[in-house]
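The next block holds one structure in the form of structure tokens; read it before the comments.
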Amino acid sequence: MKKFKKVLALSLAVAMGLSLAACGNNNNTSADPNAGSDTPTVDDNNGGNGGSGETFYIYVWNNEYRDLMAKYMPGYTADEDHMGGYMDDGTRIQFVENSNANMNYQNKLDTALTDGSQVDMFLVEADYAIKYTGANAGVAMDVKDLGFTDDDLNNFYQYTVDVVTDGGVTRGVSWQAAAGFLVYNADIAEEVLGVRDAADVQEFVKDWDAFADTAKKMKDAGYTMVTDYQEGSRVFNAKRSTPWVQEGVITVPSEIEEWTEMAKGWYDNGYMAGGDTWDGAGNWGNGMRENNFCYFGCTWYLLWSMDEQMDGNSKWSICQGPDAYYWGGTWLCAGANCTNKDLAYEIMYAMTADPEVAQKIAKGDLNFPNNKEAAAAVAAENVDVGRDWLELGDSNYFAFCKDAADQIEVKNMTPYDQMIETYQASMGEYFNGTTAKEDALKNFYSTVTEQWPSLSAPEE
């Protein structure tokens, strides 16, 4: 059996430990979590562009993409459990699923990419995408070598291209644009602020000063403004002016420092409920806490983190909030040693660049399409999102997301960007007063350098 060439950037080889808030943080799995290195190695007789009777392996961390492909991929018939299926030409699609928890997915993928396992396609998220799509990683194909054109890429929202582009080469594509926004309780807004429509509420949260003034109003009325320490951090992280790591040294961006002091004020002033965002029903905010006014969410958040928790008693709506930002998203990559490049292109193109498929995904699964033509179509149609708990009034959800996605920028990415989650956890002890800020920072540096031994803390 011919093994894959063991080419992997240092960032991939040394990556260890960190859990991350995935697209919806859904870690449901139906495959053995130890799978990943057990798939067949590539045989010399199984190369080329493939054909009927072959097996095509796709690495995933949960059921989201498996379900989307089962519903929307032309020419594909899925098995009942959606763990695989067949293309019309007889090619077998086989998903290899490993949960995201504790970086399990990345660790298993790293092993598969270096031990000769067959990895035809694999999925990545924004926080670590560059680890696999960087110029020196050597594990993902240039999408133009598959068949994507400049016109195809230009029809994607620019930030989704930038996330997986290095050295002028794009090595992944996404079906979704994860524009961020503020999700608020419309009933509380009406009670405390006297307004409930998005345009009116936006005036009360249009910048951070207005946000703080509104937080005081909420406290005076017996409500908290936000749930916990992590709220708002992604807004500042998306705007960072420096990378998290510079020349191997961990460097907390100034924007994150700004968020830290702001969040500390939320805690000290009683604007924050406390606790962990990912604890509770549906892994988000204890059933959307009745006494909490707002959450910083995004397009996938409505489906994965809110929908299952709604009891019909509260009405929620969305507005932009203090600033435009993005949170996460999922990209499809073709493995550098993909055994069937034609099929990789067929799948990746259909699920991202085909406007008709993109519209179906948007309408059927509330995914905002990373396809400008499709986004314009569903916005013009003012598609009903089909959620009774989501009160949009005169707002057009897809038009709103379209405007938000147009404002997103990506800069200063590194393979280590998921360390923001370790930073959030470390700062939690500072926020609640159990640890001095300096000690919380030391704990952060200690944890991260243990997870990535090649990195170092800044000199004191």
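- Judged purely by atom type and a 3.5 angstrom limit, D187 uses its side chain to pair as donor or acceptor with the backbone of K315.
- The backbone N or O of V195 lies less than 3.5 Å from no partner atom in the side chain of D200, so there is not a single donor-acceptor pair.
- Looking at D365, its side chain never comes within 3.5 Å of a backbone N or O of L68 through a donor-acceptor pair.
- For Y423 and F444, the distance between ring centers is under 6.0 angstrom.
- Using the six-membered ring where Trp is involved, F368 and Y157 have ring planes that are tilted, between 30° and 60° apart.
- For the residue pair T160/N370, the side-chain donor-acceptor check at 3.5 Å is satisfied.
- Under the 30°/60° scheme for interplanar angles, the aromatic rings of Y326 and Y159 are found to be tilted.
- Ring planes of W266 and F296: parallel class, angle under 30° (limits at 30 and 60°).
- Counting only N and O atoms by type, the side chains of Q176 and T299 include no donor and acceptor under 3.5 Å apart.
- Side-chain atoms of N269 come within 3.5 Å of backbone N or O of G265 as a donor-acceptor pair.
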Worksheet item: Going through the checks in order, is the side-chain contact (heavy atoms from CB on, under 4.5 Å) test met by T251 and W244?
Response: CA-CA 5 Å; T251 308; W244 276 94; over 6 Å; no
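- Side-chain contact of K206 with Q320: a donor-acceptor pair under 3.5 Å is absent, judged by distance alone.
- When atom types are taken as modelled, the side chain of D145 and the backbone of M141 share no donor-acceptor pair closer than 3.5 angstrom.
- Formation of a donor-acceptor pair under 3.5 Å by the K219 side chain with backbone atoms of Y271 is not found in this model.
- For the pair T214 (side chain) and A210 (backbone), a donor-acceptor distance under 3.5 Å is present.
- Residue pairs meeting the salt bridge (charged side-chain N to carboxylate O under 4.0 Å, His left out) criterion with at least one member in residues 294-304: none, sequence neighbours excluded.
- Taking the side chain as every heavy atom from C-beta outward, Q118 and T339 approach each other to under 4.5 Å.
- Side-chain N or O atoms of T434 include none that pairs as donor or acceptor with a backbone N or O of Y430 at under 3.5 Å.
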Worksheet item: Is there a side-chain contact (heavy atoms from CB on, under 4.5 Å) between Q94 and F56 once you walk through the steps?
Response: CA-CA 6 Å; Q94 184 64 55; F56 187 89; over 6 Å; no
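- Between W316 and F181, the ring centre distance reaches or exceeds 6.0 Å.
- Side-chain contact annotation: E391 with S317, donor-acceptor N/O pair under 3.5 Å absent.
- Using bins of under 30°, 30° to 60° and over 60° for the plane-to-plane angle, the ring pair Y295/Y301 lands in the tilted bin.
- Checking side-chain atoms of N396 against main-chain N and O of F398 turns up a donor-acceptor pair under 3.5 Å.
- Rounding to the nearest 0.5 Å places CG of L123 at 9.0 Å from OG of S174.
- Taking 4.5 Å as the limit, every side-chain heavy atom of M225 sits out of range of all side-chain heavy atoms of E231.
- Side-chain atoms of Y57 do not come within 3.5 Å of backbone N or O of S117 as any donor-acceptor pair.
- Using cut-offs of 30° and 60° for the angle between ring planes, the Y105 and W61 rings count as perpendicular.
- With R234 as the partner, the salt bridge (charged side-chain N to carboxylate O under 4.0 Å, His left out) test is satisfied by one option alone out of D127, D417, D323: D127.
- Relative ring orientation between F211 and W208 is described as perpendicular, the plane-to-plane angle rising above 60° on a 0-90° scale split at 30° and 60°.
- Legend: residues meeting ring pair (Phe, Tyr, Trp, His ring centres under 6.0 Å) with Y397, ordered by chain and number and at least two apart, are absent.
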Discussion item. Evaluate D150 against N154 for side chain to side chain donor-acceptor pair (under 3.5 Å), listing each step before the verdict.
Written reply: CA-CA 6 Å; D150 286 333; N154 289 336; 6.0 Å; no
